[in-house]
Amino acid sequence: MKLLIKNGTIVTPKGEIKGDLLIDGKKIEKIAPSIDEKCKTIDASGKHVLAGLIDMHVHLREPGFEGKEDIESGSKAAVAGGVTQVCCMPNTNPVCDNAVVATYIKHRADEVGLCKIHPVGAITKGENGESLSDIGKMKSAGIIALSDDGKSVENSQIMRLAMEYANDFGLKCLCHCEDKNLVDGGVVNEGYNSTLTGLKGSLRAAEDIMIARDIALSESLDIPVHICHVSTYSGVEIIKSAKARGVKVTAETCPHYFILTDDIITSYDTNTKVNPPVREEKDKQAIINGIKDGTLDCIVTDHAPHSIKDKQVEYNLAAFGISGIETSFALSYTYLVKTGVLSLAELSYKMSAAPAKILGLEGGELKEGGVADITIVDLNKKFVIDSNKFLSKGKNTPFNGFEVYGEVQYTIVDGAIKFKR
Ligand code: DOR
Ligand code: ZN
Ligand code: ZN
């Protein structure tokens, strides 16, 4: 089966090409100013053709929390957001700490058949932080990386062993950095706004200490490590100086950290509650600078869908998390490209090529012979974010009512159209 995308602006690693892209089966056959082929054709005039987005930090909730999201609803949301590949975190029930759960997720992903889904295995059994999970068996079952996301591995010796085992199996640890004792029940950033609202704050240090620890382990052991959802200016500095020393550290951040500050918590809207919390203006600026200078390698969502009943409660009791997979491209385009922080090609790199490189995934760039995972966007299309229209079960976003540019028009996975607006 062939598919021709005509008259688009094709964003490739070698620059933008105005023209056509021909897909044959699962592969990109040709990219050229003009291709003539009698086959199914998409008119992409006025649109941009990007490598399929890859979101390496997503919570799909299945098995166990299907009221919040399941693999089917999460996949529909992903492709509506232009995402062709996701890595799903293991804080499910049961936890993805064994080959059976990892196999189940891959099997369900195949049944649903929308985007590619790569399970992340838990570092420790039940994410209990105490004993290592069956890393080797999970690797055979197809996990892409390891993480106890939702928590840090508090015990540094366990973390050391995890990094060594993971590395032996060619896997990376994706570190959720949080010193639980120091967080001590904090629900927002500790600062002026936590005092103003009376909501318990959590210090930047709670995040920074664990970023520094995991980098120290990576440096001492000479094993690569990846830092999840960086939110602090000081965390950016720690990562930047480690990179300058040649430490094999990569890092991600999310739209809420480069768009929002904790001024929004004064609304007491629980959709602003996320872990780590959104912080202050200087953090936001440092995250933007870190994205620009390469300290922060990629943009992920930490898509954390929750049900209404998990969020429509007092701030202190509400679940942490933002449903983000359907808004990440438009928010990133609006707040990073339209503001001149990144070029479109640089944004595409952060949302596709960089995660592919970090995890060794196929795709991530448009090239002849490459996999046909493609996202077509209309950059001029302005719209207002409305969570009622989300395909995700999680309507929990602090971005409702935000006016953004850049609407996903088509999502193509392995040469097949999986989403059409
Ligand atoms: O806000 C968050 N939500 N942060 C996490 O680390 C976990 C996630 C979730 O699973 O809901
Ligand atoms: Zn996390
Ligand atoms: Zn997460």
Side-chain angles (χ1 to χ4, degrees), residues 12-13 26-28 50-58 60 78 83-90 96 99 102-103 105-106 109-110 115-123 133-149 162-176 214-215 217-218 221-230 239 242-243 246-253 294-303 346 348-375 413-415:
T12 78
K26 296 181 177 185
K27 292 266 157 23
I28 298 170
L50 307 175
L53 307 182
I54 301 176
D55 189 343
M56 65 177 281
H57 191 142
V58 170
L60 290 178
V83 177
T84 53
Q85 303 195 55
V86 308
C87 301
C88 62
M89 287 297 172
C96 182
T103 304
I105 293 168
K106 285 184 72 79
D110 286 346
C115 60
K116 296 172 188 171
I117 295 177
H118 309 285
V120 175
I123 294 173
S133 50
D134 260 329
I135 295 172
K137 284 187 184 146
M138 287 196 293
K139 165 81 183 183
S140 307
I143 62 162
I144 195 73
L146 289 162
S147 181
D148 269 4
D149 187 53
M163 285 171 65
E164 289 176 325
Y165 277 102
N167 194 48
D168 287 344
F169 288 103
L171 297 168
K172 267 182 202 164
C173 288
L174 318 178
C175 302
H176 169 114
D214 290 337
I215 285 176
L217 286 171
S218 163
L221 300 168
D222 194 27
I223 290 174
V225 74
H226 179 79
I227 308 295
C228 292
H229 44 51
V230 179
I239 296 162
K243 284 191 167 188
V247 181
K248 294 169 184 156
V249 56
T250 53
E252 61 182 41
T253 192
T295 304
L296 301 172
D297 301 84
C298 58
I299 295 167
V300 304
T301 59
D302 196 6
H303 176 69
E346 288 167 336
S348 169
Y349 189 86
K350 300 264 182 204
M351 297 186 82
S352 298
K357 208 167 132 197
I358 290 166
L359 294 175
L361 297 168
E362 64 175 358
E365 57 185 40
L366 298 180
K367 59 174 188 212
E368 290 177 357
V371 66
D373 287 352
I374 296 168
T375 304
V413 181
D414 277 340

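Positions are given from 1, in the same order as the sequence printed here.
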Original post:
Can you name the nearest heavy-atom pair linking P355 to Y349, along with the distance?
Top reply: CD-O, 4.0 Å
**OP:** Without swapping roles, check the side chain of K139 against the backbone of G170 for a donor-acceptor pair under 3.5 Å.
**Re:** no
Subject >> Nearest atoms (heavy-atom pairs only) where L366 meets D373 >> reply: CD2-O, 4.1 Å
**OP:** Output, in order, the C-alpha distance, side-chain angles, deciding distance and verdict of side-chain contact (heavy atoms from CB on, under 4.5 Å) for L146 and M138.
**Re:** CA-CA 10 Å; L146 289 162; M138 287 196 293; 3.9 Å; yes
Original post:
Would a 4.5 Å heavy-atom cut-off, applied to side chains only, mark V371 and Q85 as touching?
Top reply: no
Original post:
About how many Å separate SG of C298 and CD of E252, when rounded to the nearest 0.5 Å?
Top reply: 5.5 Å
**OP:** Please round to the nearest 0.5 Å and tell me the distance separating atom OG1 of T301 and atom CG of D55.
**Re:** 3.5 Å
**OP:** Measure the OG-NZ distance between S218 and K248 for me, rounded to the nearest 0.5 Å.
**Re:** 8.0 Å
**OP:** Please determine if K357 and D297 form a salt bridge, counting it only when a charged side-chain N lies under 4.0 Å from a carboxylate O.
**Re:** no
Subject >> E164 and I223: CA distance, side-chain angles, deciding distance, side-chain contact (heavy atoms from CB on, under 4.5 Å) verdict >> reply: CA-CA 7 Å; E164 289 176 325; I223 290 174; 3.9 Å; yes
Subject >> Euclidean distance, D414 CG relative to K27 NZ, rounded to 0.5 Å >> reply: 8.0 Å
Original post:
So which heavy atom on P90 is nearest to which on V120, and how close?
Top reply: CB-O, 3.2 Å
Original post:
Is there a side-chain contact between S352 and L50, using heavy atoms and a 4.5 Å cut-off?
Top reply: no
**OP:** Taking the side chain as every heavy atom from C-beta outward, state whether L174 and M89 have any pair of such atoms under 4.5 Å apart.
**Re:** yes
Subject >> Rounded distance [0.5 Å steps], OH in Y165 versus CD1 in I135 >> reply: 8.0 Å
Original post:
So, for G142 and P119, which heavy atoms are closest and what is the spacing to 0.1 Å?
Top reply: O-CD, 4.1 Å
**OP:** Please list, chain by chain and in numerical order, all residues satisfying salt bridge (Lys or Arg N to Asp or Glu O under 4.0 Å) with K26, sequence neighbours excluded.
**Re:** none
Original post:
Which pair of non-hydrogen atoms, one from A78 and one from C115, has the smallest distance, and what is that distance?
Top reply: CB-SG, 4.0 Å
Original post:
Taking the side chain from T253 and the backbone from V230, do they hold a donor-acceptor pair closer than 3.5 Å?
Top reply: yes
**OP:** Would you mind telling me which of L359, L361, V86, I143 makes a side-chain contact (heavy atoms from CB on, under 4.5 Å) with H118?
**Re:** L361
Original post:
Sub-3.5 Å donor-acceptor pair from the side chain of K172 to the main-chain atoms of P224, do we have one?
Top reply: no
**OP:** Taking the side chain as every heavy atom from C-beta outward, state whether I117 and V58 have any atom pair closer than 4.5 Å.
**Re:** no
**OP:** Could I get the full list of salt bridge (Lys or Arg N to Asp or Glu O under 4.0 Å) partners for E346, not counting sequence neighbours?
**Re:** none
Original post:
Between the main-chain N or O of I123 and the side-chain N or O of D148, is there a donor-acceptor pair closer than 3.5 Å?
Top reply: yes
Subject >> G363 versus A356, closest heavy-atom pair with distance >> reply: O-CB, 3.6 Å
**OP:** Could you give me the CA-CA distance, side-chain angles and deciding distance for D302 and D149, then say whether side-chain contact (heavy atoms from CB on, under 4.5 Å) is met?
**Re:** CA-CA 10 Å; D302 196 6; D149 187 53; 4.1 Å; yes
**OP:** Mind telling me whether H229 and H57 have parallel, tilted or perpendicular rings, with 30° and 60° as the class edges?
**Re:** tilted
Original post:
Just wondering, do C175 and V225 contact through their side chains at under 4.5 Å, heavy atoms?
Top reply: yes
Original post:
Under the side-chain contact (heavy atoms from CB on, under 4.5 Å) criterion, do V249 and K243 qualify, and how do the steps go?
Top reply: CA-CA 7 Å; V249 56; K243 284 191 167 188; 3.8 Å; yes
